[in-house]
Amino acid sequence: MTFSALRMSGRIALITGGGGEIGSAIARRFSAEGARVAVADLDLAKAEKAAADITAVGGQALALQVDVGDAASAQMAVERTVEIFGGLTTLVNTAAAVTPDGTAETLPLEEWEKALRINYTWAFLMCKYATPHMRAAGGGAIVNIASQLGHLHVAGRAAYCSTKAALIAFTQVLAMDFARDGVRANSISPGFILTERSSRRSGGKENARRLQGPLHLLNRPGDVEDIAAGAAYLASNDAAFVTGTDLLIDGGYVTFKGVIGADGRPTM
Ligand SMILES: NC(=O)c1ccc[n+]([C@@H]2O[C@H](COP(=O)([O-])OP(=O)(O)OC[C@H]3O[C@@H](n4cnc5c(N)ncnc54)[C@H](O)[C@@H]3O)[C@@H](O)[C@H]2O)c1
């Protein structure tokens, strides 16, 4: 076996939600490890900024606008990537809508269906269009970004928790369906990662660090780079024997299910 500092050399990656905080960190990391990256996001300005950050330091990146909930748009993102970079080996599904809180009784059907479309059906669509190109490339890797809340569920967040749990199950079936094509499929379940989106409920990043940190065994929220490192591992040949797994990058959140006390000790 050979080891390369540029583990993603020769890879062509498409990252949905690539303009977001976790998605853009994954794009930067893949580029730093040698991949060419298509950064696809509903918000084109964010995709362009993420791609520009990569090209500014000598990487190869392309910005695309995509609505992952729309089949034609998802297909277009795949086809444009293949047209411009000459193939596709790697798909990272990061996009997610902000899902409204609510119970089965209070959540409007339209909101439930929208959450399913953007947080779950999108992965199905992206894979539908991407896998033929991965097979043509002789194999590839899919990484779906799920959540710790796909493992431990919380009251009032039916749409988010159930779409993320379903995404983990879908990834395992993907692994089975495409193993013969040399396509590996894995998911990542992040713990609380300090981004604008996740911090909004806590009233900003500083409050979120204080409130969410102690729910993790390592007594801190995660950084976007923690997730980017895991995605690069799963997408690279270092994970050549890894498929159908869910990688918890959660600082021990799911194992712990407790709170770190003021004295720094775990309490239940
Ligand atoms: N931040 C956390 O604590 C955390 C924890 C667990 C899981 N996650 C997951 O990580 C992923 C990224 O989260 P983030 O915190 O970086 O959020 P973010 O809001 O920064 O990124 C999400 C991106 O998805 C894009 N997007 C939304 N709808 C889209 C659509 N229809 N088509 C294409 N793109 C669309 C947004 O424009 C945004 O750029 C999400 O799937 C989220 O559920 C985050």
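Atoms within a ligand are numbered from 1 in the order they appear, just like the ligands themselves.
In this comparison of L42, D41, D43, the heavy atom closest to atom 37 (O) of ligand 1 sits on D41. Closest heavy-atom approach to atom 27 (C) of ligand 1 within the set G69, G222, A96: this belongs to A96.
The shortest N/O to N/O separation between I193 and ligand 1 falls below 3.5 Å. Considering both main-chain and side-chain atoms, S147 never comes within under 3.5 Å of ligand 1 through any nitrogen or oxygen pair. At least one N/O-N/O distance between G20 and ligand 1 falls below 3.5 Å. Between D67 and ligand 1, at least one N/O pair is under 3.5 Å apart. Below 3.5 Å of separation, one finds an N or O of I22 facing an N or O of ligand 1. Looking at ligand 1, you won't find any N or O of A40 less than 3.5 Å from one of its N or O atoms. Of the N or O atoms in V68, one or more lie within a sub-3.5 Å distance of an N or O in ligand 1.
Using a 4.0 Å cutoff on heavy atoms, E196 does not count as a contact of ligand 1.
With hydrogens left out, the protein atom closest to atom 43 (O) of ligand 1 is Y160 OH, 2.7 Å, a heavy atom. The shortest contact between atom 15 (O) of ligand 1 and any protein heavy atom is with T195 OG1, 2.8 Å.
With a 4.0 Å cut-off on non-hydrogen atoms, S198 touches ligand 1 through its side chain and not its backbone. Within the 4.0 Å heavy-atom criterion, neither part of W122 lies near ligand 1.
With 3.5 Å as the limit, one finds a donor-acceptor pair spanning the side chains of N237 and R11. For the 3.5 Å distance criterion, the side chains of S187 and D246 qualify, holding a donor opposite an acceptor.
Salt-bridge annotation for E83 and R80: present, with a side-chain N of the basic residue lying under 4.0 Å from a carboxylate O of the acidic one.
Between F170 and Y120, the two ring planes are perpendicular [angle over 60°; tilted spans 30° to 60°].
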